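One structure, as structure tokens, below. Some questions next.
Note that the structure is a prediction, hence the values are computed from the model and not measured.
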Amino acid sequence: MSQRFYENLVEPILKEHFPDLSYTACRIGLGSEVLGYDTEISADHDYGPCLQVILAEERFPAAAVQIMDVLDSVLPATFEGWAVHYPTNVRPPRDSEEGMLGSDHGVEVYTIAAWCDRFLGRVFPTELTARDWLSYSEQTLLTVTAGAVFRDDAGELNALRARLAYFPRDIWLYKLAAQWGRIAEERAYVGRAGDVGDELGSRVIATRMVGNIMRLAMLIERRYAPYPKWFGTAFSRLACASDLAPLLEQVLAARTWRERESALVEACRFVAELQISRGIPGAIAPVIGSLKDRPYRFIDSVKIFDAIRAAIKDEDLRLLPEFGGADQFLSSNFVLAVPTYASAATGALLGSGLTNQSQKMTAAAMHMLEKKVWAQRSYRV
């Protein structure tokens, strides 16, 4: 609908009133429709034809207000039965000084720098660092890589989308390893809780494990994971979902911890073998393990974690502990939705004030500490 709104209304208006204007037109940013998951229920708030017009920095001061004045006066009240003017709490301010300009209709005007600053929390004059990549939730990256570009005269937006399309190799492997680390943290707890009669606690842990396996599958298929409302929908569209989802449903439907544990073993075996079939560096065959002859079975995810991490070429990244990216160690939707908050949390773990040399030394020290932590985990489970 937004594309038709642009092609049938906005584009002709801009062509008539600003025939020499070079610009970008797109529908990116927030909203279920950007992800392609909106339904009829989505239309009960902040819903209607919407698009962003992006101008070059040098053209914005003179052209933005003129463009908005024309659109305010010419756009009709409705389009395809939907209100063109509608309330929303995410419109840019009606103030052109910050490189952004909004109105009460669905057309927003930005510079690319202002859009990045508003939705990503920073501008990208150079390539992203590892810290940049790890500080973003994958949903935040979807605000720019999902949606659609209708026109991009300068190519600036498409270039940004290409840069953020997916994680670089080593970041990807680090997040994959970290996800196996998440699974390793509670690998024996489903059985341990159930063994003392705590089936509810066992079920809660198993549910968390299912979410970790789903996120692992998203990483294996190189797909950004959206925020929780649409996480299951995105998972269901993976190539592996038709085979993996029934295994995960068995975990959730199990009435006893032994059934639950058995289904988790099969689900972890499946994703471990999926990694091998996809040619993921460092992927190894899954091995069923246990600890101290206790009657709890699991895929030895620590071995998989170690093997994938060993394939990371960047030494600093390889030495980091397994906390992963922001949305792997944070669960607060509020924090993850605000890039500056997620960046602050990630920076605290990475030692944001350190020099490169001291950061490398600290990473090495953390790696040694991590080995002790794994030993303690193995003992405690």
Side-chain angles (χ1 to χ4, degrees), residues 175-221 223 225-278 283-305 308 322 324 327-331 333 374 377-381:
K175 291 198 69 167
L176 272 167
Q179 198 61 29
W180 280 107
R182 293 273 307 196
I183 292 170
E185 289 174 6
E186 300 182 321
R187 54 189 171 157
Y189 291 175
V190 168
R192 189 72 177 99
D195 199 23
V196 296
D198 182 13
E199 288 290 353
L200 179 59
S202 174
R203 191 173 292 116
V204 168
I205 295 168
T207 301
R208 195 156 52 234
M209 293 281 277
V210 165
N212 284 328
I213 294 169
M214 290 169 67
R215 183 172 289 275
L216 180 57
M218 297 286 292
L219 285 163
I220 291 171
E221 295 203 9
R223 295 289 184 268
Y227 63 110
K229 179 168 67 172
W230 299 118
F231 179 57
T233 300
F235 169 78
S236 71
R237 299 185 182 184
L238 296 179
C240 69
S242 60
D243 294 318
L244 179 56
L247 298 176
L248 299 179
E249 288 167 0
Q250 289 178 31
V251 176
L252 298 177
R255 299 186 64 83
T256 69
W257 72 263
R258 291 189 183 276
E259 294 173 349
R260 206 169 293 126
E261 179 187 77
S262 179
L264 278 171
V265 167
E266 292 308 310
C268 287
R269 189 203 309 272
F270 177 89
V271 290
E273 291 175 347
L274 181 64
Q275 289 184 150
I276 296 173
S277 68
R278 296 298 178 91
I284 60 173
V287 176
I288 294 180
S290 63
L291 290 170
K292 300 187 179 297
D293 296 323
R294 292 182 177 185
Y296 315 125
R297 299 167 59 251
F298 48 77
I299 295 298
D300 195 337
S301 44
V302 174
K303 289 183 178 178
I304 300 174
F305 163 81
I308 293 177
E322 87 283 3
D327 48 9
Q328 291 177 284
F329 65 84
L330 291 171
S331 60
N333 293 327
W374 276 119
R377 285 175 177 169
S378 298
Y379 175 75
R380 294 301 303 166
V381 295

Atom pair CG (Leu248) and CZ (Phe235), whose distance is rounded to the nearest 0.5 Å: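 CZ of Phe235 is found 5.0 Å from CG of Leu248.
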
Gln250 side, atom CD; Arg260 side, atom CZ - distance, nearest 0.5 Å: 13.0 Å

Electrostatic pair Arg269-Glu266, nearest N-O below 4.0 angstrom: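 Salt bridge present between Arg269 and Glu266.
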
Spatial distance of atom CG (Leu264) from atom CD (Glu261) [nearest 0.5 Å]: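 Leu264 atom CG to Glu261 atom CD measures 8.0 Å (nearest 0.5 Å).
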
Gap separating the CD1 atom of Ile205 from the CE atom of Met209, nearest 0.5 angstrom: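 These two atoms lie 9.0 Å from each other.
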
Ser277 side-chain N/O to Leu274 backbone N/O, donor-acceptor pair under 3.5 Å: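 Confirmed, Ser277 side chain pairs with Leu274 backbone.
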
Inter-residue atom distance Trp180.CH2 - Ile304.CD1, 0.5 Å rounding: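 The distance works out to 4.0 Å.
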
Non-hydrogen atoms of Leu247 and Ala267 that approach each other most closely: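 In terms of heavy atoms, the two residues are closest at CD1-CA, 4.0 Å.
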
Note: Arg187-Asp300 ion pair, threshold 4.0 Å (strictly below):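 Salt bridge flag = yes for Asp300 with Arg187.
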
Chi angles and distances behind the side chain to side chain contact (heavy atoms under 4.5 Å, CB included) call for Ile220, Cys240: CA-CA 10 Å; Ile220 291 171; Cys240 69; over 6 Å; no

CA sep, side-chain torsions, deciding dist, call: Val287, Ile299, side chain to side chain contact (heavy atoms under 4.5 Å, CB included): CA-CA 6 Å; Val287 176; Ile299 295 298; over 6 Å; no

Point-to-point distance, once rounded to the nearest 0.5 Å, from CZ of Arg258 to CG of Asp195: 7.0 Å

Residues Gln179, Val271; criterion side chain to side chain contact (heavy atoms under 4.5 Å, CB included); working and verdict: CA-CA 12 Å; Gln179 198 61 29; Val271 290; over 6 Å; no

Carboxylate-amine/guanidinium proximity below 4.0 Å for Arg278 and Glu221: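 Yes, charged N to carboxylate O under 4.0 Å.
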
Asn212 side chain near Glu185 side chain, heavy-atom distance below 4.5 Å: no

Atom of Glu322, atom of Gly181 and distance for their closest heavy-atom approach: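 So the minimum-distance heavy-atom pair works out to CG-CA, 4.1 Å.
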
Side chain to side chain contact (heavy atoms under 4.5 Å, CB included) evaluation trace for Leu244 with Ile213: CA-CA 9 Å; Leu244 179 56; Ile213 294 169; 4.2 Å; yes

Nearest heavy atoms of Pro246 and Ala241, plus distance in Å: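 That closest heavy-atom pairing would be CD-O, 3.9 Å.
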
Nearest heavy atoms of Gly232 and Met214, plus distance in Å: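 Heavy atoms of Gly232 and Met214 come nearest at CA-CE, 4.0 Å.
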
